[in-house]
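Heads up: the structure comes next, in structure tokens.
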Amino acid sequence: MLSEGAVKEINELTGKYANSRSVVMPALYVVQREYGYITEEGMREVANILGLRPIQVFEIATFYTMYNKKPVGKYHIQVCTNISCSLLGAEYIVDVLSKKLGIKVKETTPDKKFTLSAVECLGSCGTAPMMQINDNYYEDLTEEKIEEILKSFR
Amino acid sequence: MATVKINGKEITVEDGTLILEAAKGAGFDIPTMCYHARLSKLASCRVCLVEIVGQKKLQPSCVTPVMHGMEVLTESPVVKSARSSMIELLLANHPLDCPVCDKGGECELQDVTFKFGPRNSPFGERKRRFHEEDYILSPVIIQNINRCIQCKRCVRICDEVVGASVLGSIERGAKTGETSFVKEYLDCDHCGNCIEVCPVGSLMSRPYRYQSRPWDLKGVDTVCTYCGTGCQLTVQARNGEILRVISKPDKGINNETLCARGRFGYSFINSHERFVTPMIRKGGTLEPVPWNEALKAIKDGLTEAMKDGRKTGGIASGRLSNEELYLFQKLMRGVFKTNNIDSGSRWNTGAVKSFANVMELNKGGISVYDALNADTLFIIGSSISDENPITDYLIRRLSRNKKMNIIIASPRGLKLDSSATLSLRHRPAAEGDILGGIAKVIYDKNMDKLKDLTGKEHLKNISRENIPDLTWTDWSSIESVSGFMLSANSITIAVGNDVLRGPSRIESMHILAEALRLLGKDVKLFPVFDRANQRGAWEMGVHPDILPGYSFRDGDGLGSEGIIDAASRGEVGALYVVGEDIVSDFPDGGFVREALRQVKFLIVQDIFLTETAKMAHVVLPGASFVEKDGTFTNQEGRVQRLRKFIEPQGDAKADWEIIASIGEAVEPSFHYGSVSDIFKEIKGAVPMYRGIDFEGLDGNGAIVKGSGIGGQGAGVVAGFSLRPKSEVRSQEQETPDPEYPFILITGNHLYHSGRLSLKADTLRDILPEAVVEMNEEDAKAMGVSKGDKVKVKGDRYEATLTAHINKRSVRGVVFIPENFTDVPVNMFFTKGKGFPRVKVLPLSSLSPQGRGPG
């Protein structure tokens, strides 16, 4: 169940939008923060708070890749694999991460610390190749840089 | 107007006409997939692309309006190639499993591909695959999303028309598919309209699954006999066995939409529980006899029973055809020599007469589309979403694209509330005071203009102070409703059956309508009936004081209630009941049963051996709606054809034939050879039907036209009598009783209507047992959640039921559907009293040992 604070936060969000369907996206971020990913229960709760049918929340949750439909590790690494990053070696970056973490894309390390995802454009083409770990960007990536970044999380 | 050239052909159309429609009018066929005439436009499939000369890009014709001087090409090489590519893309992920697909033979994707598509498929990639086996989505739907082409027609119809919003588009890009929340079992109307609009075999009907190929089906267009909306439907059978009911886009007011009852409620026709031979009581039991013996028994029994000046009477269902109802009243008046006839079970006969007058039913019908063309729509006295689902769908769909304030007044929360501007929740039986309150506010604000308002003195009884007590609604809500009416130019008041419970409601309705008319408003009164031919029954004269054609009389004829009262005093010699189970349906079932025991000779005609039939001296097997011809007049006053499709089972006969042969047995001149002969006679007796061509009635039927001058609103009505309000109120309003805190109301359920629907196995799968619906807060206070068993206890009857929660219902009221034979809600009622009071006991508190820990 969502915490009281989370419910309050979603209720407050409704004041900022013209209709309840618009609140679904920010509300889902609250769910993701609370549960770590988008749970069925969480979607039902959002629907209930906003007076929608669960399918109307489910549609949005499955459309956007930024909502995790499965549990992720403590650090969710999302590597941009869209055009600019790909031209500058995104695939190589994914390979490096995969090797260092010992997991494939869409997998989580056994210690539940890291999840590796390949995602579409994160809007930082000027600093490609890049990735996002939880809420932060890591840009102009090289193998060395990745080594350093990972070390800081271990 | 705009003049455009389509493929070189010049046509002139209204401004804003879509290219697709214009081309269709000019005789050019543009293929479509996602387009649906009555839904919002999506333009996502791109199959309808056309070339507009002078524009570089092709445009989707389903959303592009014509412009004056525009030149459109629908068959140019570039269009053909683009269109073919679009279809190719749809096919890229379509499984092409046509041999095992139910839709084969009537699949729009098949047809469009055959006519416009590519002749080869270059895609070698793996097709997306959501699941291996089809999965069950609801009691009526089975799904294969692999076949989905993402047209979203199902999502749109569910949201925009049905208002259930349980389907959605999940995932994105090539993986998109339309389905339910986490493949969850649907909690919706189970109307199957999503199946109807699905162009491919993604959403399929479970009852029809693997039953037939469409080309093996033979069908007939007929009219639904469940509620007063009067939907057109097509019944289809293979080798004489009815396999499905569909609806066609171009037929009827419902165009392609049906409710669960209309679409899935047909299998009672083949129920093995039907009785199919006449039976007469011999030594306590009913025994099969041939028809001639049964008719002789009736003739003899009737003569015997009418001796010593005993009364006779007849009660006929509002679900019989016009021809049957007309013959019925003729038989009763001519052969049984009585005006003791009625159709409804719960209604005050005086109220019916006033209702017919105030609604000006004798001035002709009104199309639902005209009625819904109003600035303000006020709905009262009907659980419209449950009683008349397609009227609910029509209102939702038509109100989407126009500014119409919908105001609903009802004790129960209705699905249509979500489309309403304002919903009033009121105490049961308070319709008269709600209407009176609104009239009062309007009168107070416009006293100078309403000096001559008839009946204004009756408004004195209503005040800001007593409204909350009388109606459980606050004055400010009443004021808001009045405000919406005063600011509107056109107002439609949709009035349901509930106002027929007493004349005071009709009086208030009359005053309100008159006040609005005096203020120059265009006021339309639109009746909403739960029985398919209720209006027809009155028009044919099945009422003690109404002769065919609304010829009103003041006589001593008895209505249903009066007949039963007379029976209880042993005054009724013979009673003829057609298609009504009065023992199960009339208030105070125990009293009715006792009264019928006093009837010397009881004839019951039905298709099932109902509780009433079991008491009869003679029972006669009637026919179901597909086994006979006739006409029905729906709530609009639209006459539609019922068409015979299969022969009646066993020795059963069309009900009109039975009525005619009873008449003929007593008086040989009472002879009718066909339904059209009877209709001819009706045309003579009922002036409103004169213009109707029986043979020529098509899918849209014909609306009856009044013989009088002018339309609605011609002024004060003749024969309109009022009763003292205090008297009425004391009859209807129950006294609060702390021991029984809830008021029990009854009615049809969304999935059931009358008694036949319970014999239809699909509907029984959807809702197998009676439920009790209550307000969410009330349920919470008792610790009851959805699905819990509770005991509902009145002072004379109790039943254990499954709890349903209605978030929007008024507190202090519970609702039990009246359709379940094993929970005869009429047993809760006490004759002469209003709605019964009950208490609700959660089952856990009844048997604590059953719910102990561990």
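Order of the sequence lines sets the chain letters (A, B, ...), proteins ahead of strands, with each chain counted from 1. Note that the structure is predicted; figures quoted are calculated from it, not measured.
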Part of [X] lying under 4.5 Å from any heavy atom of chain A:
X: B:Lys807; value: side chain
X: B:Ser418; value: neither
X: B:Ser180; value: backbone

Quiz item: Using non-hydrogen atoms only, which part of A:Gln56 is less than 4.5 Å away from chain B: side chain, backbone, both, or neither?
Solution: side chain
Practice problem: With side chain to side chain donor-acceptor pair (under 3.5 Å) as the test, would you mind laying out the steps for B:Ser44 and B:Gln150 before giving the verdict? | Solution: CA-CA 8 Å; B:Ser44 68; B:Gln150 301 90 47; over 6 Å; no
Exercise. State whether A:Lys8 and A:Glu12 are salt-bridged, where the test is any N-O pair (Lys NZ or Arg NE/NH1/NH2 against Asp/Glu carboxylate O) under 4.0 Å.
Key: yes
Quiz prompt | Near-ring test A:Tyr67/A:Tyr37, centroid separation under 6.0 angstrom | solution = no
Exercise. Mind checking the CD1-SG spacing from B:Ile390 to B:Cys191? Nearest 0.5 Å is all I need.
Key: 7.0 Å
